[in-house]
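Read through the structure below, which is laid out as structure tokens, and then see the notes.
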Amino acid sequence: GNNFGNIHASRVLPKHMGANVWIRNKPIKKSCAKIDGGGWKRVRHVPAGYHWHPATDQLVGTAVYGKKSDDVTAPAWSVRFNKANFNEFLFATGDCKKWLVAKKWS
């Protein structure tokens, strides 16, 4: 599994109902875009606990494991998204209180 940031994971994941990775293909504009545009598709989930995602694909989208679920208490899962048309990631805690949008190529 992924051992990156285990101390941070143990402080954030139990308190904020796990964490998720979302993707979307948003048109690139010259001006700054607001985050409230929607269009996100959840592709990875880890429940509250003390470890990050078990994926080791460096967000390429080839790691597939678990069973996709909308339940925030579900075990960790990931669907293939390496061929999806997207240009942004949304990293968010399960309760959406902590989040970050990043360009795919960042």
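Predicted model, so just to flag it, every value in this text is computed and none were measured.
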Flag the pair Lys104 and Glu88 as a salt bridge only when some basic side-chain nitrogen lies within less than 4.0 angstrom of an acidic carboxylate oxygen.
->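 No salt bridge links Lys104 with Glu88.
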
Could you pull out all residues at least two apart from Arg80 that satisfy salt bridge (Lys or Arg N to Asp or Glu O under 4.0 Å)?
->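 Salt bridge (Lys or Arg N to Asp or Glu O under 4.0 Å) check on Arg80 returns nothing, list empty.
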
If Ile, Leu, Val, Met, Phe, Trp and Tyr residues are connected whenever their side-chain heavy atoms lie under 4.5 Å apart, and connections chain through other members, are Val79 and Tyr65 in the same group?
->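 The answer is no; the residues belong to distinct hydrophobic clusters.
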
Let me see the working for Trp77 and Lys68 under side-chain contact (heavy atoms from CB on, under 4.5 Å), right down to the final yes or no.
-> CA-CA 6 Å; Trp77 59 263; Lys68 185 175 180 178; 3.6 Å; yes

Taking all atoms of both residues into account, what is the closest heavy-atom pair of [X] and [Y], and its distance?
X     : Y     : result
Pro47 : Pro75 : CD-C, 4.0 Å
Phe81 : Leu59 : CE1-O, 3.7 Å
Arg44 : Ala63 : NH2-CB, 3.6 Å

Nearest 0.5 Å, please: how far is [atom2] in [Y] from [atom1] in [X]?
X     : Y     : atom1 : atom2 : answer
His45 : His53 : NE2   : NE2   : 8.0 Å
Leu90 : Ile23 : CG    : CD1   : 11.0 Å
Lys98 : Lys15 : NZ    : NZ    : 7.0 Å
Asn82 : Thr62 : CG    : OG1   : 6.0 Å

How about Asn87 and Trp105: do any of their side-chain heavy atoms sit closer than 4.5 Å?
->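 Sidechains of Trp105 and Asn87: in contact.
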
Leu13 side chain reached by Trp52 side chain, heavy atoms, under 4.5 Å |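 Side chain of Trp52 against side chain of Leu13, heavy atoms only: contact under 4.5 Å found.
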
Given side-chain contact (heavy atoms from CB on, under 4.5 Å), test Phe89 with Leu100 step by step and report yes or no.
-> CA-CA 8 Å; Phe89 284 104; Leu100 168 76; over 6 Å; no

Would you say Lys41 has more than 12 foreign heavy atoms packed within less than 6.0 Å of its NZ?
->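 Not more than 12 within 6.0 Å, no.
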
Does Ala48 have any side-chain contact (heavy atoms from CB on, under 4.5 Å) partners at least two apart in sequence or in another chain, and if so, which?
->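 Not a single residue meets the side-chain contact (heavy atoms from CB on, under 4.5 Å) criterion with Ala48.
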
May I have the step-by-step check of side-chain contact (heavy atoms from CB on, under 4.5 Å) for Val101 and Trp40, ending in yes or no?
-> CA-CA 11 Å; Val101 173; Trp40 297 104; 4.0 Å; yes

Polar side chain donor-acceptor pair, Asp71 to Ser69, under 3.5 angstrom =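 No, no side-chain donor-acceptor contact under 3.5 Å.
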
